[in-house]
Amino acid sequence: MAWNQQQFLRPLLYPGNPADSISSSYGLTYSIPVVPRRGTYGTMNMASSDVEKRVLVVDKAELIPRSVKQAQTRRILLSVLWLFASLFVTSFVFYALGIPSCRRSDDHEPFSPITSTSNGTHAPQVEGIDTTRLANLDSLKPQPKERQIQTSVTSLSAAAEKTVLRNFEVAPPVLMPYGPADSDGTTPIPAGSTQKACTVLLMRRDFAFSYGDPYIGDYTPPSCKFNRVVMNFTVVSEGRQYDRLALMYLGDTEVWRTSTAEPVAPPGIRWEYLKDMTEYLSLWQQKQKIIFDLGNLVNDKYTGIFNTTLTATFFNSDVATNAAPLSDLIIPVSARQSANNAVSQFTLPKDNATNTISNFPRNARRAVFSVSANGQGNEEFWWSNVLQSDVNAFSDTVGELPGYSPFREVQVLIDGQLAGVYWPFPVIFTGGVVPSLHRPIAGIEAFDLKEHEIDMTPWLAVLTDGKPHEFTIRIAGINDTASPSGHTAVLTDHVNESWYVTGKIFIWTGAGNSPSIGNGNNRKPPTIDGLTPSITLSSIRTPSTGNSSTPESITYTTSVKRSLHIRSPLGTWTQSLSYTNKGLVSAQGYNQLNDMLISGSESWSPSTNDDDKYKTSYTYPLYANSSYSVSPTGNLSISGHLIQGKTVSLSGAAVFPDYDTVAFNGNGNGKNGPAKYRESRLETEKEGEAWYEQTGDGKNSTGSGDSRQRFTFGGVETRSGRGEELYFRDVESKAGRVVRDVKRLGGQAVATGYEVVVEGGGGGERGKGGRGDDAGVFGGVPVDGGEGVKGDGVKRGGAMRMFLGRNRF
């Protein structure tokens with residue numbers, strides 16, 4: 001659906017003046033003052049100037065007896081006196097309670113920060129409007145006036161007690177000592193639970209001005225017995241602040257990557273996330289240096305401090321799992337700066353992300369490389385970048401655009417040879433596209449950036465030869481040259497600033513110290529098929545309707561396919577990947593739309609040990625349509641429509657427990673047969689529409705958004721092959737507060753207090769642009785872009801890169 005600005009311009013009435021409004025798909029968001037219509041000021045009763053119509057009123061009055069009219073006059077005078085007395089008493093009560101009275105609509109002030117109502121609604125400041133109620137649009141007429149800023153508010157909810165906004169990410173449950181638990185920390189401990197566990201405080205830190213100042217702490221393993229570890233990360237913040245990236249290390253090894261919510265005005269925002277960290281058990285069993293890096297900046301503009309608490313719960317569980325056995329050794333591929341109390345990520349393209357490993361165990365029988373990578377700065381919205389041949393198409397209007405195409409490939413190389421790739425999931429942080437999209441429902445993976453695993457077992461014949469070997473992480477884009485006959489495209493070995501990358505190698509060893517791989521021909525490197533992907537590009541420029549040499553719009557497509565096979569006598573690693581992205585940059589560079597789909601299937605097929613088999617398939621659809629404008633005074637306005645989804649199917653010996661059914665398999669650990677489920681399946685889609693505004697000095701902002709996410713996690717039973725729902729959640733928010741939340745855990749309904757839509761919720765009906773409950777989660781989305789409005793001195797457009805995520809300092 002195109003973002004049609006006119007669909008969101010509707011008038012409304014508030015005490016003192018008719019007004020224009022911007023209405024979201026679910027109702028009122030904010031208003032602006034306009035010149036009052038002719039007639040009685042302060043009402044919608046516009047008196048007619050037609051004398052003939054007014055004569056009827058006079059004729060009727062003449063028929064009323066004089067005594068009756070005198071009585072009416074007395075009643076009117078008494079009513080007026082009673083009205084003035086009531087107003088005086090009301091004003092005195094308002095003054096005593098500290099409630100501000102309504103101001104005239106032509107009293108303008110700068111933006112005020114978003115405030116929280118009694119229901120947790122984070123609503124824009126609008127004069128005289130109760131933003132928790134929908135407007136009655138039947139009696140309203142459009143007003144073609146330019147929007148302005150109105151800030152003060154007087155409503156019943158404004159005087160009520162404010163509440164902390166609880167942010168959350170919808171994710172699969174994790175296994176706790178008492179059973180499966182929601183990742184957002186809302187699952188209560190069952191009464192009578194006797195499972196033994198010990199909890200350790202890993203970190204308590206207020207991150208204020210913390211660039212280059214990570215938390216450093218010493219970890220000592222607890223005295224209790226444990227074979228499982230779950231972390232709890234809880235954060236509160238208030239004020240104004242960007243979303244911030246955070247990386248956690250045990251020594252030189254990155255073990256978790258997360259990001260923050262963007263805080264709001266006091267009393268602020270809070271979120272909690274449970275993260276299963278069992279795959280690092282070999283590290284948790286030893287003393288470690290904990291390094292937690294959350295770079296933040298605090299000044300008169302960015303006031304939000306992140307008050308963080310990180311704990312870990314250690315417990316023993318005889319749970320059955322389909323995941324790979326815990327590895328015997330983990331070797332980091334990082335900058336290795338823990339000895340200097342510094343972070344160990346590589347920053348590309350500035351750094352050379354290479355480690356030379358000289359102590360690879362010669363008795364290794366399996367090896368899996370995991371890579372963690374995400375873009376920052378000009379690469380945060382890499383999926384919206386344009387073709388390199390088009391980066392200067394709008395240089396006269398918006399300047400140079402980020403290029404190297406909207407395609408990115410993370411490459412892992414061994415001794416300079418391609419060993420595997422990762423086409424990254426497009427994480428959208430809580431300030432991305434439109435900040436209001438992510439309150440209170442954070443984007444997919446925003447609080448838990450997943451790592452990707454690539455099986456390195458085909459390379460063991462080389463890696464166990466006792467010689468040093470280089471492991472390199474590289475980010476590739478596409479460079480193209482346009483000509484009348486088409487585009488010539490090649491993969492690059494670098495992209496724009498910046499990508500934060502690290503890796504690690506999980507290694508399983510055989511008995512004894514003797515080499516697992518024999519000598520002779522077995523020492524040959526594997527054969528590699530599919531080194532060159534198939535790339536198809538197109539770009540069409542639509543000329544401007546005026547005399548400008550700048551094109552009106554560019555429509556571009558990017559299509560990439562890769563089929564990679566790495567074979568050795570030990571087995572075959574296979575990756576079959578497909579990527580498409582249809583993009584539109586219109587209004588001479590100010591509007592933007594992208595419709596992207598990444599799909600892939602990967603597998604490790606060992607020649608001998610079937611227990612090491614691994615297979616996964618996934619899709620990452622993304623649709624983003626945004627509008628951006630800056631007024632002559634510097635005030636910023638952004639609006640957007642975002643649809644993002646994710647499907648994952650996983651079976652076999654995976655390293656990470658992120659998609660494992662371990663929380664639902666029951667006890668046994670294989671002693672009483674295989675795990676209950678042999679395959680897991682995840683399917684989710686999140687859709688939202690939102691707007692956001694900020695003053696030219698960047699110190700005040702306001703916004704509102706509506707979103708909904710449906711999430712299903714299930715397992716395929718080992719014996720019957722029947723699919724079974726294990727976790728379900730359907731949550732909806734409007735104007736920054738949850739209005740509907742339906743949840744099932746292990747097939748049982750979970751009380752949330754929001755099982756039905758509340759206060760104007762809309763039942764199961766989707767808002768504008770939605771595809772309904774019965775629609776397929778991952779249908780095709782047409783590319784249709786809105787048009788920017790020009791000629792009124794206001795810049796409008798959708799280049800989200802121009803404001804969000806670029807210069808975090």
Side-chain angles (χ1 to χ4, degrees), residues 3 5 7-8 21-32 111-117 119-126 129 131-132 147 149 151 153 164-169 237-243 259-265 268-269 271 304 381 428-444 446-447 623-629 635-644 686-695 698 700-709 731-739 760 767-770 798 800 802-805:
W3 186 271
Q5 192 179 42
Q7 292 178 355
F8 294 84
S21 75
I22 295 241
S23 174
S24 74
S25 59
Y26 297 107
L28 192 63
T29 55
Y30 73 94
S31 73
I32 53 158
F111 277 108
S112 293
I114 299 173
T115 58
S116 177
T117 67
N119 296 315
T121 304
H122 290 263
Q125 304 288 291
V126 183
I129 294 297
T131 54
T132 63
R147 293 184 292 168
I149 302 169
T151 61
V153 59
V164 175
L165 174 66
R166 186 183 182 99
N167 236 66
F168 58 90
E169 178 189 335
S237 183
E238 64 181 33
R240 174 176 172 78
Q241 193 56 262
Y242 282 117
D243 57 79
S259 71
T260 69
E262 290 200 344
V264 296
I269 197 168
W271 72 96
F381 303 102
I428 298 178
F429 300 109
T430 58
V433 184
V434 184
S436 315
L437 285 167
H438 315 291
R439 297 170 181 161
I441 310 172
I444 303 171
F447 291 163
Y623 171 87
N625 191 359
S626 60
S627 176
Y628 173 99
S629 67
N635 292 333
L636 167 73
S637 297
I638 308 173
S639 58
H641 180 199
L642 180 67
I643 307 173
Q644 186 171 26
K686 182 175 185 284
E687 178 174 6
E689 292 182 352
W691 60 267
Y692 175 88
E693 296 201 342
Q694 178 181 279
T695 52
N700 297 286
S701 61
T702 184
S704 183
D706 308 320
S707 63
R708 180 180 180 183
Q709 184 171 358
V731 60
E732 183 176 2
S733 68
K734 296 182 180 182
R737 63 192 181 97
V738 173
V739 298
K768 296 177 183 178
M800 66 204 67
M802 295 178 181
F803 170 68
L804 296 171

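This structure is a prediction, so every number in the text was calculated from the model and none was measured.
Between K686 and H438 there is a side-chain heavy-atom pair separated by less than 4.5 Å. The side-chain heavy atoms of V738 and V731, taken from C-beta on, include a pair separated by under 4.5 Å. Using a 4.5 Å cut-off on side-chain heavy atoms (C-beta onward), W271 and T260 make contact. The shortest side-chain heavy-atom distance between D243 and S259 does not fall under the 4.5 Å cut-off. By the 4.5 Å heavy-atom criterion applied to side chains, D706 and K734 are counted as neighbours. Two residues are said to be in side-chain contact when any heavy atoms from C-beta on lie closer than 4.5 Å; S637 and W691 fail this criterion. Looking at F168 and I441, their side chains come closer than 4.5 Å, going by heavy atoms from C-beta outward.
Expressed to the nearest 0.5 Å, how far CD of E732 lies from CD of E687 amounts to 10.5 Å. The CD1 atom of I643 lies 12.5 Å from the OG atom of S707; values are rounded to the nearest 0.5 Å. Rounded to the nearest 0.5 Å, atoms OG (S436) and CD (E689) are 12.5 Å apart. Here the straight-line distance linking atom OG of S237 with atom CG of N167 works out to 11.0 Å at 0.5 Å rounding. The distance from atom OG of S627 to atom CD1 of I638, rounded to the nearest 0.5 Å, is 9.5 Å.
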For this session: Apply the test ring pair (Phe, Tyr, Trp, His ring centres under 6.0 Å) to residues Y623 and H641: give CA-CA distance (whole Å), side-chain angles for both, the deciding distance (0.1 Å), then the verdict.
Result: CA-CA 8 Å; Y623 171 87; H641 180 199; 5.6 Å; yes
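Nearest heavy atoms, A446 versus E169: N-OE1, 3.5 Å. Between A261 and F447 the shortest heavy-atom distance is N-CE2, 3.9 Å. Across V434 and G640, no two heavy atoms sit closer than the pair CG2-N, 3.5 Å. Taking all atoms of both residues into account, the shortest heavy-atom contact from P440 to L165 is CB-CD1, 3.9 Å. A735 and S704 get closest at one heavy-atom pair: CA-OG, 3.3 Å.
Side-chain atoms of T430 come within 3.5 Å of backbone N or O of E262 as a donor-acceptor pair. The closest donor-acceptor contact from the side chain of T695 to the backbone of N700 lies under 3.5 Å.
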